[in-house]
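Report on one structure; see the data block that follows.
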Amino acid sequence: MQGLHLTADLKGCRCAPHWLLDAALLASACTGAVAAAGLQAVGQLFHTFPATAHGPGGVTATVLLAESHLCVHTWPEQGAVTLDVYVCNFGGDQSPRAEALMDALLALFAPDQVQRHALQRGALTPI
């Protein structure tokens, strides 16, 4: 279970509004970024929330990876996004791929402010 868990809270996203609103376009961008990072998607679910009195609904996006997962949550009314990338390192160090995936998503959303965290999970133990 040893791996790298990356999170990022994005504010002031300057991307085109469709990246925060359109589940189908976000799905394409996420799965493309996963593949470009050298990770393997094994499933996905994208859901658009209805508009509220506060503004348009956002999107929750999940891509299941052979290596673990990517989750994206958008708040278009706040110009905000949260990102969550976790990769396990069972078959080898996937950390550079996780970082590449996170960097691609940061470039997509073009935030003014980013709060990033990285957590090394588990311990390397011989099998």
Side-chain angles (χ1 to χ4, degrees):
M1 74 178 231
Q2 194 280 331
L4 179 62
H5 195 157
L6 304 173
T7 64
D9 298 335
L10 316 182
K11 294 181 181 176
C13 293
R14 294 172 277 121
C15 60
H18 61 258
W19 296 123
L20 304 175
L21 299 168
D22 189 315
L25 286 175
L26 187 56
S28 179
C30 286
T31 56
V34 163
L39 297 166
Q40 180 183 358
V42 296
Q44 63 184 28
L45 180 61
F46 296 85
H47 175 76
T48 301
F49 290 92
T52 69
H54 301 289
V59 176
T60 288
T62 301
V63 179
L64 300 176
L65 306 175
E67 301 82 9
S68 197
H69 69 264
L70 160 66
C71 293
V72 179
H73 306 281
T74 73
W75 283 271
E77 73 282 7
Q78 297 179 27
V81 175
T82 59
L83 303 173
D84 181 335
V85 176
Y86 174 58
V87 293
C88 65
N89 290 329
F90 182 75
D93 186 5
Q94 304 297 322
S95 299
R97 292 178 175 150
E99 295 282 1
L101 177 55
M102 180 63 78
D103 290 344
L105 294 170
L106 289 171
L108 175 72
F109 292 113
D112 286 331
Q113 298 175 37
V114 178
Q115 183 178 28
R116 290 179 76 158
H117 296 279
L119 174 65
Q120 293 292 330
R121 297 184 68 179
L124 290 174
T125 55
I127 298 177

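In this structure a side-chain-to-backbone donor-acceptor pair under 3.5 Å is present from E67 to Q40. Looking only at distances, no side-chain donor or acceptor of T74 sits under 3.5 Å from a matching main-chain atom of P76. In this structure, the side chain of R121 does not engage the main chain of L4 through any donor-acceptor pair within 3.5 Å.
Through direct or relayed side-chain contacts under 4.5 Å between Ile, Leu, Val, Met, Phe, Trp and Tyr, V42 connects to L64.
To the nearest 0.5 Å, atom CZ of residue R116 and atom CG of residue L106 are 5.0 Å apart. Rounding to the nearest 0.5 Å places CG of L10 at 8.0 Å from OG1 of T82. For the atom pair C15 SG and L105 CG, the distance stands at 11.0 Å (nearest 0.5 Å). With rounding to the nearest 0.5 angstrom, the CG atom of L26 is 10.5 Å from the CD atom of Q44. With rounding to the nearest 0.5 Å, the separation of CD in Q113 from CG in D9 is 11.0 Å. Atom CD in Q78 sits 11.0 Å away from atom CG in L20 (nearest 0.5 Å).
Heavy-atom minimum distance, V63 versus F46: CG2-CZ, 3.8 Å. Taking both residues in full, the closest heavy atoms of V87 and S95 are given as CG2-N, 4.3 Å, listed atom of the first, atom of the second, then distance. Heavy-atom minimum distance, D112 versus R14: OD1-NE, 2.6 Å.
Under a hydrophobic clustering in which Ile, Leu, Val, Met, Phe, Trp and Tyr are joined whenever their side-chain heavy atoms come within less than 4.5 Å, directly or via other members, W75 and F49 fall into different clusters. In the hydrophobic cluster analysis, where Ile, Leu, Val, Met, Phe, Trp and Tyr join through side-chain heavy atoms closer than 4.5 angstrom, L70 is grouped together with L25.
Side-chain contact between V72 and V59: absent, with no pair of heavy atoms (C-beta onward) separated by less than 4.5 Å. With a 4.5 Å cut-off on side-chain heavy atoms, D84 and H5 count as touching. Side-chain atoms of F109 and L83, non-hydrogen and from C-beta on, do get closer than 4.5 Å to each other. A 4.5 Å side-chain heavy-atom check between L65 and Y86 finds every atom pair outside the cut-off.
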